[in-house]
Amino acid sequence: MEYRRMGKSGLQLSVVSFGSWVTFHKQIEDKLADELMGIAYDAGINFFDNAEVYALGESEKMMGRVLRTKNWDRTSYVVSSKAYFGWRGKKTTPNQSGLSRKHLTEACHEALQRLQLDYLDLYFCHRPDKNVPIEEVVWTMTNLIQQGKILYWGTSEWSAQEIMEAHVVATKNNLIGPVVEQPEYNMFRREKMENEFLQLFKTVGLGTTIWSPLASGVLTGKYAKEIPSDSRLAIPGFEWLKEKTLTDEKIIKANALQEVAQELNTTLPVLAIGWCLKNNNVTTAILGATKKEQLEENLKSVDLLPLLTQEVMNKIDTILNNKPILPEF
Ligand code: NDP
């Protein structure tokens with residue numbers, strides 16, 4: 001396994017990691033979660049990603065139960081949670097979501113209880129909150145770090161400007177700024193990682209824990225002909241995701257990419273994840289899986305990098321036809 005330093009922070013993350021969105025509680029039960037986390041850990045994965053909103057708290061509870069039975073050395077792995085959406089679903093009342101000091105602090109305590117942990121290694125603001133002053137967020141996160149409840153804090157789906165504002169506030173007040181962002185990044189979604197954040201990578205040295213490297217499975221080729229009944233896009237309630245993710249254009253591109261994968265003697269999911277890792281601004285790509293075979297296959301992406309030559313990357317760019325255009329000087 002390869003490990004990368006998270007931006008300019010001291011923390012090292014395995015270049016692929018493991019997350020629980022949609023899967024834990026909704027698709028898989030404790031036994032399989034235990035097996036998947038075991039495969040991940042044994043392969044060298046040291047980061048497990050979670051959030052208060054995943055299965056409305058049940059995902060954190062499941063991960064907590066697995067971690068408890070595993071008995072792994074707590075210093076050998078990194079666990080995250082994220083706050084913003086709350087976990088009470090339709091019953092959410094004011095102060096039970098967002099990035100106020102009250103919710104960030106209470107959500108941290110609740111996540112620790114559900115995960116059965118003493119501290120979170122990473123704590124993310126799951127989205128920006130336009131109703132809360134950035135000073136309040138930075139102060140709260142700094143306080144949680146000083147209380148030993150979290151070790152690092154980060155953002156998810158924030159703009160470069162919002163991240164920079166947090167840094168300015170932190171520097172001005174001698175507080176601790178965000179060191180990591182969690183954006184969507186995959187062959188279909190490139191703008192933030194390959195354009196918007198470039199300056200931040202250079203200046204503040206932002207780490208990234210990228211999500212949906214397979215575009216929710218579209219970049220496995222499994223949706224080429226129909227929607228398999230045991231797949232994410234067939235889950236009732238996820239019609240919105242199907243609408244957002246499954247377009248004719250993407251299926252055509254995925255089909256063409258299958259050929260590139262074959263030429264490299266590999267599979268499309270391995271190629272798609274390897275392509276993300278080829279970008280050195282990616283600290284870690286968070287994998288998701290509902291079957292052992294999926295995770296075992298996806299782990300092979302780490303070894304693909306030497307085969308991703310400039311020629312292969314150009315061929316992929318021609319198929320994708322979505323390389324961000326950078327400003328010319
Ligand atoms: P992917 O895009 O990689 O999708 C994973 C899903 O694709 C699996 O659950 C499985 O679904 C299918 N799949 C995976 N590998 C294969 C394979 N080899 N062959 C066939 N099908 C496969 O990642 P996720 O969307 O799951 O995101 C990963 C993690 O990122 C999440 O768990 C979460 O931790 C984080 N995340 C963060 C977000 C944020 O806002 N910060 C938003 C979303 C995710 P199935 O079997 O059901 O088809």
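All ligand and atom numbering here is 1-based and tracks the order in the structure.
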Colleague: Look at ligand 1 and say whether Arg127 reaches it with a heavy atom at a distance under 4.0 Å.
Modeller: yes
Colleague: Compare every heavy atom of Ile45 with every heavy atom of Phe18, then report the nearest pair and how far apart it is.
Modeller: N-CG2, 4.1 Å
Colleague: Please write down residue, atom name and distance for the protein heavy atom closest to atom 25 (O) of ligand 1.
Modeller: Ser212 OG, 2.6 Å
Colleague: Hey, does Lys291 come in under 3.5 Å of ligand 1, counting only N/O atoms on both sides?
Modeller: no
Colleague: Please say yes or no: joined through hydrophobic side-chain contacts below 4.5 Å, possibly via intermediate residues, are Leu115 and Leu104 part of one cluster?
Modeller: yes
Colleague: Would you tell me which option among Trp21, Phe124, Phe48 has the nearest heavy-atom contact to atom 31 (C) of ligand 1?
Modeller: Trp21
Colleague: I need the contact type for Thr23 against ligand 1. Using non-hydrogen atoms and a strict under-4.0 Å cut-off, is it side chain, backbone, both or neither?
Modeller: side chain
Colleague: Is any NZ, NE, NH1 or NH2 atom of the basic residue among Lys292 and Glu296 found under 4.0 Å from an Asp or Glu carboxylate oxygen of the other?
Modeller: no
Colleague: Suppose I only count heavy atoms of Gln182 and a 4.0 Å limit; which atoms of ligand 1 are within that range?
Modeller: 35 (C), 36 (N), 37 (C), 38 (C), 39 (C), 41 (N)
Colleague: Which label fits Tyr41 and Tyr77: parallel for a plane angle under 30°, tilted from 30 to 60°, or perpendicular past 60°?
Modeller: perpendicular
Colleague: With respect to Leu214, determine whether any N or O atom, backbone or side chain, lies less than 3.5 Å from an N or O atom of ligand 1.
Modeller: yes
Colleague: At the 4.0 Å heavy-atom cut-off, does Glu184 count as touching ligand 1?
Modeller: no
Colleague: Any side-chain heavy atom of Phe188 within less than 4.5 Å of one from Val218?
Modeller: yes
Colleague: How long is the gap from CZ on Phe201 to CG on Asn281, to the nearest 0.5 Å?
Modeller: 4.5 Å
Colleague: Let me check something: do Leu214 and Ile286 share a hydrophobic cluster, defined by ILVMFWY side-chain heavy atoms less than 4.5 Å apart, either directly or through other members?
Modeller: no
Colleague: Please confirm whether Asp49 comes within less than 3.5 Å of ligand 1 when only nitrogen or oxygen atoms on both sides are compared.
Modeller: yes
Colleague: Charged N to carboxylate O under 4.0 angstrom, Lys61 versus Glu58?
Modeller: yes
Colleague: Please write down residue, atom name and distance for the protein heavy atom closest to atom 43 (C) of ligand 1.
Modeller: Trp211 CE3, 3.1 Å
Colleague: Indicate, with yes or no, if Val79 and Leu11 share a hydrophobic cluster defined by side-chain heavy-atom contacts under 4.5 Å among Ile, Leu, Val, Met, Phe, Trp and Tyr.
Modeller: no
Colleague: Is it true that Leu120 and Met6 fall in one hydrophobic cluster, defined by side-chain heavy atoms closer than 4.5 Å?
Modeller: no
Colleague: Polar contacts were defined as any N/O atom of the residue lying under 3.5 Å from an N/O atom of the ligand; does this apply to Ile210 and ligand 1?
Modeller: no
Colleague: Which option, Glu296, Arg232, Glu297, owns the non-hydrogen atom nearest atom 24 (P) of ligand 1?
Modeller: Arg232
Colleague: So which bit of Pro269 gets within less than 4.0 Å of ligand 1, heavy atoms only: side chain, backbone, both or neither?
Modeller: side chain
Colleague: Looking only at heavy atoms, is any part of Ser20 under 4.0 Å from ligand 1, and if so is it the side chain, the backbone, or both, or is it neither?
Modeller: backbone
Colleague: What atoms in ligand 1 come closer than 4.0 Å to a heavy atom of Thr290?
Modeller: 9 (O), 45 (P), 46 (O), 47 (O)
Colleague: Same hydrophobic cluster for Leu287 and Ile28, using side-chain heavy-atom links shorter than 4.5 Å among ILVMFWY?
Modeller: yes
Colleague: Which heavy atom of the protein is the closest neighbour of atom 2 (O) of ligand 1, given with residue, atom name and distance?
Modeller: Ser216 N, 2.8 Å
Colleague: Among protein heavy atoms, which sits nearest to atom 17 (C) of ligand 1, and what does the distance come to when rounded to 0.1 Å?
Modeller: Gln294 CG, 3.6 Å
Colleague: Ion pair present between Arg88 and Glu110, side-chain N to carboxylate O less than 4.0 angstrom?
Modeller: yes
Colleague: When you measure from atom 15 (N) of ligand 1 to every protein heavy atom, which one gives the shortest distance, and what is it?
Modeller: Asn298 ND2, 2.9 Å
Colleague: Quick test: of every protein heavy atom, which one is nearest to atom 29 (C) of ligand 1, and how far off is it to 0.1 Å?
Modeller: Ile286 CG2, 3.5 Å
Colleague: State whether the shortest distance between N or O atoms of Asn50 and N or O atoms of ligand 1 falls below 3.5 angstrom.
Modeller: no
Colleague: What's the separation between atom CG in Asn298 and atom NZ in Lys300, rounded to the nearest 0.5 Å?
Modeller: 9.5 Å
Colleague: Suppose we measure from atom 21 (N) of ligand 1 to each protein heavy atom; which comes out shortest, and what is that distance?
Modeller: Lys222 NZ, 3.0 Å
Colleague: Inspect the contact between Lys291 and Asp230 and indicate whether a charged nitrogen and a carboxylate oxygen are less than 4.0 angstrom apart.
Modeller: yes
Colleague: Can you list the atoms of ligand 1 that are under 4.0 Å from a heavy atom of His126?
Modeller: 39 (C), 40 (O), 41 (N)
Colleague: Should Ser156 be counted as touching ligand 1, given the test is an N or O pair under 3.5 Å?
Modeller: yes
Colleague: With heavy atoms only and a cut-off of under 4.0 Å, state how Pro228 meets ligand 1: side chain, backbone, both or neither.
Modeller: neither
Colleague: Charged N to carboxylate O under 4.0 angstrom, Asp49 versus Lys82?
Modeller: yes
Colleague: Does Phe18 reach ligand 1, in the sense of a heavy atom lying below 4.0 Å from it?
Modeller: no
Colleague: Quick check on Glu157 - does any of its heavy atoms sit under 4.0 Å from an atom of ligand 1?
Modeller: no
Colleague: So which protein heavy atom does atom 47 (O) of ligand 1 come closest to, and at what separation?
Modeller: Gln27 NE2, 2.8 Å
Colleague: Can we say Glu249 and Lys253 salt-bridge, meaning some charged N sits less than 4.0 Å from an Asp/Glu carboxylate O?
Modeller: yes
